[in-house]
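Here is the structure we will look at, set down as structure tokens.
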Amino acid sequence: MNTSALVKEYFREDKLPHIWCPGCGHGIIMHAVVRAIDNLKLDPEKICIVSGIGCSSRASGYMNFNTLHTTHGRALAFATGVKMANPSLEVLVLTGDGDCSAIGGNHLIHTARRNIDITTIAFNNNIYGMTGGQYSPTTATGDFGTTAPYGNIDKTFDLCNLAKAAGATYVGRSTAYYAKQLTTLVENGIQNKGFSFIEAVSSCPTYYGRKNKKGDAVEMMKSLKDDYIDIKIAEKRPDLAQSKILMGEFYNKPDEEYTEKYQKIIDMLKKESYHA
Amino acid sequence: MGTPKMVVVNKEWCKGCGICVAFCPKNVLELVNEVVCIARSEDCIKCGQCELRCPDFAIYLKEVPENV
Ligand SMILES: Cc1ncc(C[n+]2csc(CCOP(=O)(O)OP(=O)(O)O)c2C)c(N)n1
Ligand code: SF4
Ligand code: SF4
Ligand code: SF4
Ligand SMILES: [Mg+2]
């Protein structure tokens with residue numbers, strides 16, 4: 001399906017063009033997510049897209065599925081409610097680095113810990129885009145933000161390591177440049193019955209780019225190409241991996257899923273009350 | 001051989017970011033007054049790189065019937 005057909009099929013066309021700035025990576029990531037849904041031939045009626053607040057979180061408003069645009073940081077909490085109430089839904093959370101790792105960091109670790117069947121796609125542009133460029137937990141040490149005018153002194157979260165350590169059963173990273181790989185990771189994440197975390201590295205030319213002299217949208221897109229290397233290549237050729245950031249599938253280890261465990265309790269109690 | 005394709009632009013949605021121009025391997029595209037323009041369509045190899053990377057769904061390959 002080409003882009004035009006994809007837009008007709010899966011987007012709220014009357015809401016387009018989207019409000020994201022020229023060259024913002026978020027549009028490419030939203031496109032990749034929808035391509036993954038189309039490739040898997042999922043029933044749109046059975047999909048629920050949940051987002052928080054941020055430029056990235058606006059994606060849910062453009063996508064023609066069941067959608068829930070919630071409050072800042074709480075997308076995963078709402079998504080947990082949706083999935084618990086209706087486990088037959090395929091629940092996807094679209095979130096930002098601020099949304100899921102600053103204000104929503106607690107929700108992220110506990111949703112991962114439960115291994116509930118939710119696929120999270122974190123649009124990581126290393127900044128709070130929507131509110132004008134404050135540093136986030138993924139802003140590199142030394143980089144600038146409106147709240148770090150002399151350079152950020154915080155250490156940086158590796159979102160994939162965080163999700164994996166907390167209990168996610170599928171974890172991967174790609175970038176807006178590697179949109180095809182990103183699509184594959186999202187497909188795999190959706191197919192994993194458990195908590196999947198896909199970090200989609202994005203770009204915010206308007207705030208992060210300008211504040212950090214990273215160049216325009218094109219220059220930032222080139223960095224999303226040149227600064228990354230697939231983990232499989234890096235393992236074979238460590239010489240090529242020097243000073244690059246790893247991407248690809250990091251972890252894929254299915255485990256018992258939360259709503260299924262919960263269903264077992266319901267079934268057990270139903271049996272007991274029947275015999276009582 | 002599949003159905004022939006041609007690259008088309010939705011100028012209403014193009015925000016002139018230049019990403020498609022920069023990553024087209026055949027230098028087919030240009031920005032004119034901050035809107036993408038298919039300057040050398042004869043060089044297009046229909047690789048779909050522009051479509052893959054446009055953040056605004058504004059450029060894509062369209063199937064065209066053979067007799068057009
Ligand atoms: C409770 C609450 N606190 C703060 C805000 C202000 N706020 C809105 S979006 C945002 C950060 C968004 O950053 P991120 O999630 O990285 O999304 P981006 O805009 O970068 O895509 C903040 C702090 C809010 N809306 N609600
Ligand atoms: S402010 Fe940054 S993240 Fe938000 S739309 Fe603009 S470029 Fe994208
Ligand atoms: S399809 Fe390929 S060659 Fe043709 S304009 Fe797009 S990027 Fe260039
Ligand atoms: S990538 Fe899209 S928005 Fe950017 S210049 Fe090309 S057609 Fe326009
Ligand atoms: Mg952000």
Side-chain angles (χ1 to χ4, degrees), chain A residues 1-32 34-35 55-56 59 62-63 123 125 174-183 200 202-206 209 215-226, chain B:
Chain A
M1 205 183 281
N2 76 2
T3 299
S4 161
L6 211 65
V7 164
K8 283 200 173 54
E9 185 81 17
Y10 299 111
F11 285 90
R12 297 173 180 148
E13 223 179 333
D14 57 322
K15 298 279 193 296
L16 293 171
H18 54 63
I19 61 149
W20 294 320
C21 305
C24 172
H26 289 355
I28 305 174
I29 296 168
M30 179 169 73
H31 194 166
V34 167
R35 237 182 290 118
C55 294
S56 35
Y62 303 117
M63 301 166 76
F123 295 48
N125 56 8
S174 194
T175 85
Y177 177 82
Y178 297 99
K180 280 193 180 155
Q181 181 191 43
L182 184 58
T183 303
S202 189
S203 55
C204 171
T206 302
D216 60 7
V218 169
E219 285 306 310
M220 291 189 83
M221 198 50 62
K222 284 186 182 154
S223 303
L224 292 183
K225 172 176 183 254
D226 297 335
Chain B
M1 291 292 286
T3 322
K5 290 176 178 169
M6 65 184 284
V7 64
V8 291
V9 167
N10 177 351
K11 289 194 192 252
E12 302 279 305
W13 287 5
C14 171
K15 291 178 187 159
C17 69
I19 289 175
C20 60
V21 178
F23 290 98
C24 168
K26 290 289 167 189
N27 195 27
V28 171
L29 309 166
E30 269 176 29
L31 286 184
V32 178
N33 299 324
E34 300 196 352
V35 175
V36 71
C37 158
I38 303 163
R40 287 163 289 275
S41 63
E42 65 282 3
D43 292 342
C44 174
I45 53 167
K46 284 94 181 166
C47 64
Q49 294 283 312
C50 50
E51 175 167 1
L52 186 67
R53 295 210 174 77
C54 171
D56 282 273
F57 316 127
I59 188 165
Y60 53 91
L61 290 170
K62 188 181 171 172
E63 296 198 337
V64 278
E66 220 128 5
N67 53 358
V68 178

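Every heavy atom of this structure was used, including side-chain atoms; hydrogens, water molecules and symmetry mates were not. Here is how names work: the chains are called A, B, and so on, in the same order as the sequence lines, proteins then strands, and each is numbered from 1.
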His18(A) side-chain N/O to Pro55(B) backbone N/O, donor-acceptor pair under 3.5 Å: yes
Check: Trp20(A) main-chain N/O paired with Lys15(B) side-chain donor or acceptor under 3.5 Å: yes
Contacting moiety of Leu16(A), where chain B heavy atoms sit under 4.5 Å: both
Interface moiety of Tyr177(A) toward chain B, non-hydrogen atoms closer than 4.5 Å: both
Inter-residue atom distance Glu63(B).CD - Asn2(A).CG, 0.5 Å rounding: 7.5 Å
Side-chain heavy-atom pair Lys222(A), Ile19(B) within 4.5 angstrom cut-off: no
Flag if over 12 foreign heavy atoms under 6.0 Å of NZ, Lys11(B): yes
Lys180(A), NZ: over 12 other non-hydrogen atoms inside 6.0 angstrom: no
Among Ala217(A), Gly23(A), Pro17(A), Ala176(A), residue most engaged with chain B (heavy-atom pairs, under 4.5 Å): Pro17(A)
Residue Glu34(B) excluded, over 12 heavy atoms near CD under 6.0 Å: no
Minimum side-chain heavy-atom gap Phe57(B)-Ile28(A) below 4.5 Å: no
Met30(A), part contacting chain B, at a heavy-atom distance under 4.5 Å: side chain
Under 4.5 Å from any heavy atom of chain A - which part of Leu61(B): backbone
Cys14(B) portion near chain A, given a 4.5 angstrom heavy-atom threshold: neither
Whether over 12 other heavy atoms sit under 6.0 Å from Asp14(A) CG: yes
Among Gly27(A), Ala179(A), Ala32(A), residue most engaged with chain B (heavy-atom pairs, under 4.5 Å): Gly27(A)
Check: Glu51(B) side chain, Thr3(A) main-chain N or O, donor-acceptor pair, under 3.5 Å: yes
Heavy-atom neighbours of Glu42(B) CD exceed 12 at 6.0 Å: yes
Shortest non-hydrogen separation from Cys17(B) to Val218(A) and the atoms involved: O-CG2, 3.7 Å
